[in-house]
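Model, not experiment: these values are computed from the prediction. Quick note on labels: first sequence line is chain A, next is B, and so on, each numbered from 1.
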2 protein chains.
Amino acid sequence: MLVRIDFSSDEAFYVQLKNQIIMGIATSEIREGESLPSVRDLAEDIGINMHTVNKAYSILKQEGYLKLDRRKGAVVCLDADRLRTIEEIRFLLKGTVAKALCRDVSKAELHELLDEVFEEFNGIRKASGADSIQ
Amino acid sequence: MLVRIDFSSDEAFYVQLKNQIIMGIATSEIREGESLPSVRDLAEDIGINMHTVNKAYSILKQEGYLKLDRRKGAVVCLDADRLRTIEEIRFLLKGTVAKALCRDVSKAELHELLDEVFEEFNGIRKASGADSIQ
DNA sequence: GTTCTTGTTATACTTCTCATATAACAGATT
DNA sequence: AATCTGTTATATGAGAAGTATAACAAGAAC
């Protein structure tokens with residue numbers, strides 16, 4: 001999986017890494033059960049410190065994306081805590097809708113944008129041989 | 001408008017304030033043309049420093065939500081820069097969809113959640129006498 | 001014109017996070 | 001035994017967050 005850190009971004013390295021791994025899981029670039037590189041290897045690959053990678057991994061573990069093990073960093077999606085997930089998504093949508101309403105972006109337009117984003121994901125998934133989302 | 005800072009939150013005070021103001025504009029609790037309290041008054045009201053409030057106001061100005069003036073902090077939504085808004089919303093949705101896909105939350109469920117959030121906003125708008133969104 | 005309030009800017013200080021670096025430990029693999 | 005893994009501890013430098021005090025310039029009120 002390709003990870004690239006934007007060193008001139010104002011976003012923390014560990015946050016960038018965390019988001020890119022989530023994106024990788026979402027697009028099936030990394031699949032359940034597959035291992036991520038070791039903290040030391042990945043750190044050297046992308047040019048940041050071991051502890052920064054470890055921080056990203058730890059948070060992803062805490063948020064239910066990874067299960068860490070000595071000798072492999074196994075990917076574990078489907079935390080089964082569906083209620084918490086729904087609550088998180090509702091929270092994120094709330095912020096997005098608020099910004100949309102301030103700019104007179106309509107409900108219909110938001111639904112359209114949501115569909116477009118889904119299509120974008122399907123494009124990436126198709127390229128890596130994953131099933132599409134209907 | 002009611003603003004409340006969570007002092008035990010890990011979210012920065014100026015970010016909390018910024019988000020609550022955006023939420024206030026979205027729910028029509030604050031309407032276009034209306035003034036927010038002065039940085040000094042609001043700071044004292046919610047128990048934080050003047051500069052922290054000023055930071056929130058400055059960012060809101062930069063992001064096109066406020067137009068600042070000596071003697072009033074006028075609310076100005078509708079930055080007209082619609083393209084930038086759409087791009088921002090698309091970016092936010094991308095992150096939300098990614099998290100949803102990791103947890104097997106379907107496209108249909110996301111659309112439902114979006115409708116629910118809209119209904120939530122309409123409830124608040126109705127209570128403050130604003131028009132509903134259809 | 002004077003006074004008051006406004007946003008704005010400058011400076012200084014403390015506390016915390018981010019990122020790095022070096023080092024060591026314990027479990028698992030080879 | 002040697003090696004690699006996640007994990008923890010400690011230290012350091014850079015920057016952000018938040019506070020504090022102070023001053024400036026433009027508009028409002030008297």
Query raised in the report: Counting only distance, no hydrogens or angles, is the base of D:dT7 paired donor-acceptor with the side chain of A:R40 under 3.5 Å?
Result: yes
Requested in this report: Return yes if the base of D:dT8 and the side-chain atoms of A:H51 contain a donor-acceptor N/O pair under 3.5 Å, otherwise no.
Outcome: yes
How many Å lie between [atom1] on [X] and [atom2] on [N], as a whole number?
{"X": "B:D10", "N": "C:dC18", "atom1": "CG", "atom2": "C1'", "result": "15 Å"}
{"X": "A:L66", "N": "D:dG6", "atom1": "CG", "atom2": "P", "result": "11 Å"}
{"X": "B:K55", "N": "D:dT19", "atom1": "NZ", "atom2": "P", "result": "11 Å"}
{"X": "A:I5", "N": "C:dC18", "atom1": "CD1", "atom2": "C1'", "result": "13 Å"}
{"X": "B:M50", "N": "C:dT9", "atom1": "CE", "atom2": "P", "result": "11 Å"}
{"X": "A:E11", "N": "D:dG15", "atom1": "CD", "atom2": "P", "result": "19 Å"}
{"X": "A:E44", "N": "D:dC4", "atom1": "CD", "atom2": "P", "result": "12 Å"}
{"X": "A:L42", "N": "D:dC4", "atom1": "CG", "atom2": "P", "result": "17 Å"}

Determine, for [X] against [Y], whether the closest basic-nitrogen to carboxylate-oxygen distance falls under 4.0 angstrom.
{"X": "B:R90", "Y": "A:E120", "result": "no"}
{"X": "B:R103", "Y": "B:E109", "result": "no"}
{"X": "A:K126", "Y": "A:D131", "result": "no"}
{"X": "A:D115", "Y": "B:K107", "result": "yes"}
{"X": "B:R125", "Y": "B:E29", "result": "no"}
{"X": "B:R84", "Y": "B:E87", "result": "no"}

Given [N], is OP1 or OP2 found less than 4.0 Å from the side-chain N or O atoms of [X]?
{"X": "A:T52", "N": "C:dC18", "answer": "no"}
{"X": "A:S38", "N": "D:dT5", "answer": "yes"}
{"X": "A:N49", "N": "C:dA21", "answer": "yes"}
{"X": "A:K61", "N": "D:dT7", "answer": "yes"}
{"X": "A:Y14", "N": "C:dA19", "answer": "no"}

Report summary line: Which of D:dT7, D:dT19, C:dT8 is nearest the side chain of A:L68? It is D:dT7
Query raised in the report: Choosing from C:dC18, C:dT20, C:dT8, which nucleotide comes nearest the side chain of B:N54?
Result: C:dT8
Query raised in the report: How far does the helix from C:dG1-D:dC30 to C:dC25-D:dG6 bend, going by the axes of its first and last five pairs, to the nearest 10°?
Result: 30°
Query raised in the report: How long is the span from the CG atom in B:L66 to the CG atom in B:L60, to the nearest 0.5 Å?
Result: 5.0 Å
Query raised in the report: Parallel under 30°, tilted from 30 to 60°, perpendicular over 60°: which one fits the rings of B:H111 and A:H111?
Result: parallel
Report task. Select base, sugar-phosphate, or nothing to describe what B:D41 touches, counting heavy atoms under 4.0 Å on all strands. Result -> sugar-phosphate
